[in-house]
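Positions are given from 1 along the sequence.
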Amino acid sequence: MFKKVLIANRGEIALRVIRACRELGIQTVAVYSEADRESLHVRFADDDVCIGPPPSRLSYLRIPAIIAAAEITGADAIHPGYGFLAENAGFADACANSNITFIGPTAEQIRQMGDKASARRLAQELNIPVVPGSPGPVENPAEALAIAEEIGFPVIIKAAAGGGGKGMRVAHDADAFMQAFGLARNEALAAFGNAEVYVEKFLERPRHIEIQLMGDQFGNLMHLGERDCSIQRRHQKLIEEAPSPGLPPEVRTRMGESAVRAAKHIKYLGAGTIEFLYENGCFYFMEMNTRVQVEHPVTEMVTSCDIVKEQIRVAAGEPLSIKLYGDQLRGHAIECRVNAEDPSRNFQPAPGTITAYHPPGGPGVRVDTHVYAGYTVPPYYDSLLAKVIVHGNTREEALARMSQALDSFIVEGVPTTIPFLKSVIHHPAFVAGQVDTKFLEREPGLLKPAQ
Ligand code: ADP
């Protein structure tokens, strides 16, 4: 087992990884930017290193600074968390070149699955359904338009290197398509340094359902059931749950088998997620995320598996210790992402100092956060303040717990999405489990609360 793990991240996920290391008896190193000097991950780690000024490209994305921090502190492994360098194959290579274990899949697996177009091709080769679309990236606008017309509008243009809901444009007709195509390529180049895009049929009312996978170095690979992440705003997830309230058992089985087949094919190592869209009884492979996800706690609640500890164990060469299989889940879990954003101002990020803070508690309630009273939310990073995760014996019990948890969550000093989340979980369609990724677009009242 590792002696010392450096966490190349900040915020709640850095704390989450520190806790897992502590339980395993591993020392920890925090890295931080000048904006995060007062952060809890710095306080809780055994060692800490400042890696640069506030902007992430000068700190959390600076590979040489992070490798140097690991070398100086004697860390023998690096956990990348999610975001930042988590899906950067060059970073996984840099770790290997310095004899530091990257806690995640191999660089080659990241390359294979990180490019959405190549992941799509692999799925097709394995007879896993994909959304109808271009066979690979398309460069020529006329060629792309011909493909769009063949599959039928609306279509979505997606960056091959995309992530986090960025680099996607929807077009409803040929004129809009020609405009969107150029913009999407420029956006992709600016955001990801890679202009490649591909075209896909835009599904009208899909659910977003993803399968959590875990593999070890001995060829064991299992899935831990699904998460339903259909409550999204601008392609970004806001509420996630497990199991999905809208998935027939027979489809769940086939989706799980497809995900395991794809991951086994590349001998996938560590934690990963395959994302699918599900509509009218059919599911379609969308992409694979080769890292731990923000919403991993809902799976932990229904499986009793500690996904982060398992990541660390398999990276250290141990076999999977999970005994529970995907079809043996316990109860129901829901996660709400509480962001420092102002719903009355189009969800604009709202950094500032938290003047009062009281998290919810009680049976089946978990809060993953890095926030405390007096903490200042810096403007440089994402606006996630806390994840409220509840578990109940039934979905009904989980919903009641979420309701009381959000009611008793006090955050003052910055606007938060708590009131918005409350109205979503009380909406009759959400209560009935009948939502899809376009639900919030159809309910502008939820997005623009009365002032
Ligand atoms: P990212 O990697 O940026 O998260 P994804 O490929 O996972 O991008 O897509 C994010 C979201 O965008 C999906 O959950 C879904 O809501 C929407 N989306 C993506 N592709 C399609 C599609 N073909 N039809 C409809 N919605 C889509």
Side-chain angles (χ1 to χ4, degrees), residues 1-32 39-49 69-70 73-82 86 95 100-105 212-218 220 222 224-225 242 269-273 291-324 329-331 333 335 359-372 384 386-391:
M1 184 44 77
F2 307 117
K3 293 208 162 45
K4 207 170 189 183
V5 169
L6 180 144
I7 299 107
N9 216 302
R10 62 181 299 283
E12 67 86 20
I13 193 65
L15 283 177
R16 171 74 188 84
V17 178
I18 291 174
R19 288 197 183 104
C21 290
R22 286 237 167 120
E23 284 185 33
L24 292 169
I26 302 169
Q27 297 251 304
T28 52
V29 183
V31 291
Y32 63 98
S39 288
L40 285 185
H41 77 283
V42 180
R43 234 184 281 175
F44 287 168
D46 298 296
D47 233 332
D48 55 77
V49 181
T73 53
D76 47 357
I78 295 184
H79 194 300
Y82 53 69
C95 291
I100 296 167
T101 305
F102 175 78
I103 300 178
Q212 174 70 54
L213 298 157
M214 187 65 83
D216 66 18
Q217 295 176 7
F218 306 94
N220 301 308
M222 65 167 67
L224 300 174
L269 174 66
T273 300
R291 54 171 164 82
V292 70
Q293 286 190 287
V294 177
E295 60 272 23
H296 75 277
V298 291
T299 300
E300 295 186 322
M301 302 296 256
V302 295
T303 59
S304 307
C305 159
D306 185 320
I307 291 174
V308 177
K309 281 205 299 201
E310 203 65 16
Q311 278 189 298
I312 298 171
R313 287 200 196 99
V314 298
E318 291 183 15
L320 282 183
S321 75
I322 309 168
K323 295 285 175 284
L324 196 84
L329 305 175
R330 189 178 59 92
E335 173 181 279
V365 178
R366 161 176 170 186
V367 180
D368 279 18
T369 184
H370 57 296
V371 158
Y372 53 90
L384 182 67
K387 306 187 302 203
V388 180
I389 307 114
V390 297
H391 181 257

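Remark: R313 CZ to D216 CG distance equals 12.0 Å, nearest 0.5 Å. Atom OG1 of residue T303 and atom CD1 of residue I322 lie 7.0 Å apart, to the nearest 0.5 angstrom. Between atom CZ of residue R291 and atom NE2 of residue H296 there is a gap of 11.5 Å, rounded to the nearest 0.5 Å. Taking OG of S321 as the reference point, atom CG of N220 lies at 11.0 Å (rounded to 0.5 Å). Remark: C305 SG to Q212 CD distance equals 8.0 Å, nearest 0.5 Å. Put simply, CD on Q217 and CG on L320 are 10.5 Å apart, with the number rounded to the nearest 0.5 Å.
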V292 vs I13, test: side chain to side chain contact (heavy atoms under 4.5 Å, CB included). Steps then yes/no. CA-CA 9 Å; V292 70; I13 193 65; 4.2 Å; yes
Could you walk me through whether V294 and E335 pass the side chain to side chain contact (heavy atoms under 4.5 Å, CB included) test, one step at a time? CA-CA 10 Å; V294 177; E335 173 181 279; 4.1 Å; yes
Which is it for V17 and N9 under the side chain to side chain contact (heavy atoms under 4.5 Å, CB included) test, yes or no, and what are the steps along the way? CA-CA 9 Å; V17 178; N9 216 302; over 6 Å; no
Check the pair R43, D48 against side chain to side chain contact (heavy atoms under 4.5 Å, CB included), reporting the backbone distance first and the verdict last. CA-CA 8 Å; R43 234 184 281 175; D48 55 77; over 6 Å; no
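Residues L15 and T369 come closest through the heavy atom pair CD1-O, 3.2 Å. A pairwise comparison of heavy atoms in L384 and H370 identifies O-CE1, 3.3 Å as the closest pair. Between A75 and I100 the shortest heavy-atom distance is O-CG1, 4.2 Å. Annotation for G270 and V314: closest pair CA-CG2, 3.8 Å, computed over non-hydrogen atoms. Nearest approach of A86 to G81, heavy atoms of both residues: CB-O, 3.3 Å. Here the closest non-hydrogen pair linking V308 and H79 is CG1-NE2, 4.0 Å.
By the side chain to side chain contact (heavy atoms under 4.5 Å, CB included) test, H391 is found to be paired with M301, V302, R330, A333, residues two or more places apart in sequence or in another chain being considered. By the side chain to side chain contact (heavy atoms under 4.5 Å, CB included) test, A69 is found to be paired with L6, V31, V49, I51, residues two or more places apart in sequence or in another chain being considered.
Each of T73, D47, T28 was scored for a side-chain hydrogen bond (donor to acceptor under 3.5 Å, both in side chains) with K4, with one residue passing: D47.
In this structure, the side chain of D368 does not engage the main chain of K387 through any donor-acceptor pair within 3.5 Å.
Note on residues 17-27: pairs passing side chain to side chain donor-acceptor pair (under 3.5 Å), not counting sequence neighbours, are E23-K309.
No side-chain heavy atom of I389 sits less than 4.5 Å from a side-chain heavy atom of E300. Two residues are said to be in side-chain contact when any heavy atoms from C-beta on lie closer than 4.5 Å; D306 and R16 meet this criterion.
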